[in-house]
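Chain letters run A, B, ... following the sequence lines, proteins first and then strands; every chain starts at 1. Since we're looking at a predicted model, the values are computed, not measured.
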2 protein chains.
Amino acid sequence: MATTKAQAKAEYNAFMAVCPSRQLLDRISNKWVVLILCALGGDVPDASDQPGASHAPKAMRYSELSRLLAGVSQKMLTQTLRALERDGLLTRTVTPTVPVTVTYQLTGLGLSLHHLTRGLRHWAQTHMDQVLANREKNDAQAF
Amino acid sequence: MATTKAQAKAEYNAFMAVCPSRQLLDRISNKWVVLILCALGGDVPDASDQPGASHAPKAMRYSELSRLLAGVSQKMLTQTLRALERDGLLTRTVTPTVPVTVTYQLTGLGLSLHHLTRGLRHWAQTHMDQVLANREKNDAQAF
DNA sequence: GTGCCTACTTCCCGAAAGAAAGCAGGTCTC
DNA sequence: GAGACCTGCTTTCTTTCGGGAAGTAGGCAC
């Protein structure tokens, strides 16, 4: 019985490389994934003016994301969006307008993960000073 | 005045590639960083038996981490640990025992981030089934 | 000496990310 | 109809990064 329990636990252990949840963790522990989720979740800088408001899932166009996520290559953006669509975290909608319009929007599943990525972004912004201070201190000790 | 405010916001905007908080976000959005923080935060599978208990920061040896984080190369483990030490997220302690013992332990700063990475790991484990189902559904539609 | 231990470090190579150009399908202009 | 735009990709090339395996340092045991 203890053996069965241990086996079941091993199968759901995110530290095991072969475990699906570990593969999923590897997928979402990606800078572009985190940034895209932040963007589509409405966690954009302009929204920080109205605290509590406008943190709603916001549909965004490909070009909007490309502009907002400074430094992302078009290849990576497309690749990451397709992967997230495949995993059911967002939906891709093509509207045949004057020039074609493609919008991406978080699903309920994506929104649930967005809450966590938002926390990551918030943590990075609030603890940045501390980290930079630690970095300087450690670099100084190297001599 | 509006210009000053916009500038200040741009400097602290995690979506800008040059912003330090963006670089910090890129650093922590890394699978090995997340897994190391989970491990050192005491968020190991065996601890899930006692809910609420043993989720304390736990010092671990290099070899312990290497064993727990299945699939990590020694190079990446060392590199990631050094980076986290530099950023003040964990401390590295060398004890000159029979064979030398090196232990790593989260700092307060690292522990605060651990709460978020623990959420990520928990999310991955609970929503894995949904994601896998979505993946199969989307792959089937491809034909 | 030789071997073994931990905790790295170094080297090499394949895989993945980035930069830039090209392409598809549509409209508008002339 | 030819050319010039537009968005949203795709392709190609280059560079950088990560994994695998071997080697190293310092200490002890035999």
Send over the distance from B:L77 CG to C:dT10 P, rounded to a whole Å. 16 Å

From the set D:dG18, C:dA17, D:dG8, return the single nucleotide nearest to any side-chain atom of A:K75. C:dA17

Close side-chain approach of B:F15 to A:L69, heavy-atom, < 4.5 Å: yes

Run the salt-bridge test on B:R135 and B:D139 with the 4.0 Å N-O cut-off and return the result as yes or no. no

Please state whether the phosphate of D:dC17, meaning OP1 or OP2, lies under 4.0 angstrom from any side-chain nitrogen or oxygen of B:W32. no

Would you mind classifying the nucleic acid contact of A:S66 as base, sugar-phosphate or nothing, using non-hydrogen atoms under 4.0 angstrom? nothing

Considering just the side-chain nitrogens and oxygens of A:R82, establish if one lies under 4.0 Å of OP1 or OP2 belonging to D:dG8. no

Length of the line joining A:L81:CG and D:dT10:C1', which is rounded to integer Å: 15 Å

Can you name the closest pair of heavy atoms from A:M128 and B:L24 and give their distance? CA-CD2, 3.7 Å

Would you call the rings of B:W123 and B:H127 parallel, tilted or perpendicular if under 30° counts as parallel and over 60° as perpendicular? tilted

Would you tell me if any nitrogen or oxygen in the side chain of B:R92 comes within less than 4.0 Å of OP1 or OP2 on C:dA7? no

Report the distance from atom CZ of A:R27 to atom P of C:dA17, rounded to the nearest whole Å. 10 Å

Do any side-chain nitrogens or oxygens of B:S63 fall under 4.0 Å of OP1 or OP2 in C:dA7? yes

CG (A:N138) and CZ (B:R92) are apart, to the nearest 0.5 Å, by 12.0 Å

Please pick, from C:dA19, D:dC9, C:dT9, the nucleotide with the shortest atom-to-atom distance to any side-chain atom of A:S73. C:dA19

Could you tell me the separation between the CD atom of B:E64 and the P atom of C:dT6, rounded to a whole number of Å? 12 Å

Here the distance between atom P of D:dG8 and atom CE of A:M76, to the nearest Å, is 19 Å

Expressed in angstrom and rounded to an integer, what is the separation of B:Q79 atom CD from D:dG20 atom P? 15 Å

Between B:V94 and B:T101, is there a side-chain heavy-atom distance shorter than 4.5 Å? no

Residue A:K31, side-chain heavy atoms: nucleotide from D:dT10, C:dC8, C:dG18 that is nearest: C:dG18

State which of D:dC9, C:dA7, C:dG18 makes the closest approach to the side chain of A:Q74. D:dC9

May I ask you to evaluate whether B:Y104 reaches the phosphate of C:dC8, defined as a side-chain N or O under 4.0 Å from OP1 or OP2? yes

Side chain of A:T101 only, heavy atoms from C-beta on: which candidate in D:dG8, C:dG18, D:dG18 is closest? D:dG8

Between A:R61 and D:dG8, is there a contact of a side-chain N or O with OP1 or OP2 at under 4.0 Å? yes

What is the distance, rounded to the nearest whole Å, between atom CG of B:N30 and atom P of C:dA17? 12 Å

Any non-hydrogen side-chain atom of A:L77 less than 4.5 Å from a side-chain atom of A:V72? yes

Measure CE/A:M60 against P/D:dT7 and give the value in whole Å, please. 15 Å

Write out a two-atom table: protein N or O, nucleotide N or O from nucleotides 24-30 of chain C, distance below 3.5 Å.
none

Can you see which heavy atom on B:A39 is nearest to which on B:L65, and at what distance? CB-CD2, 3.9 Å

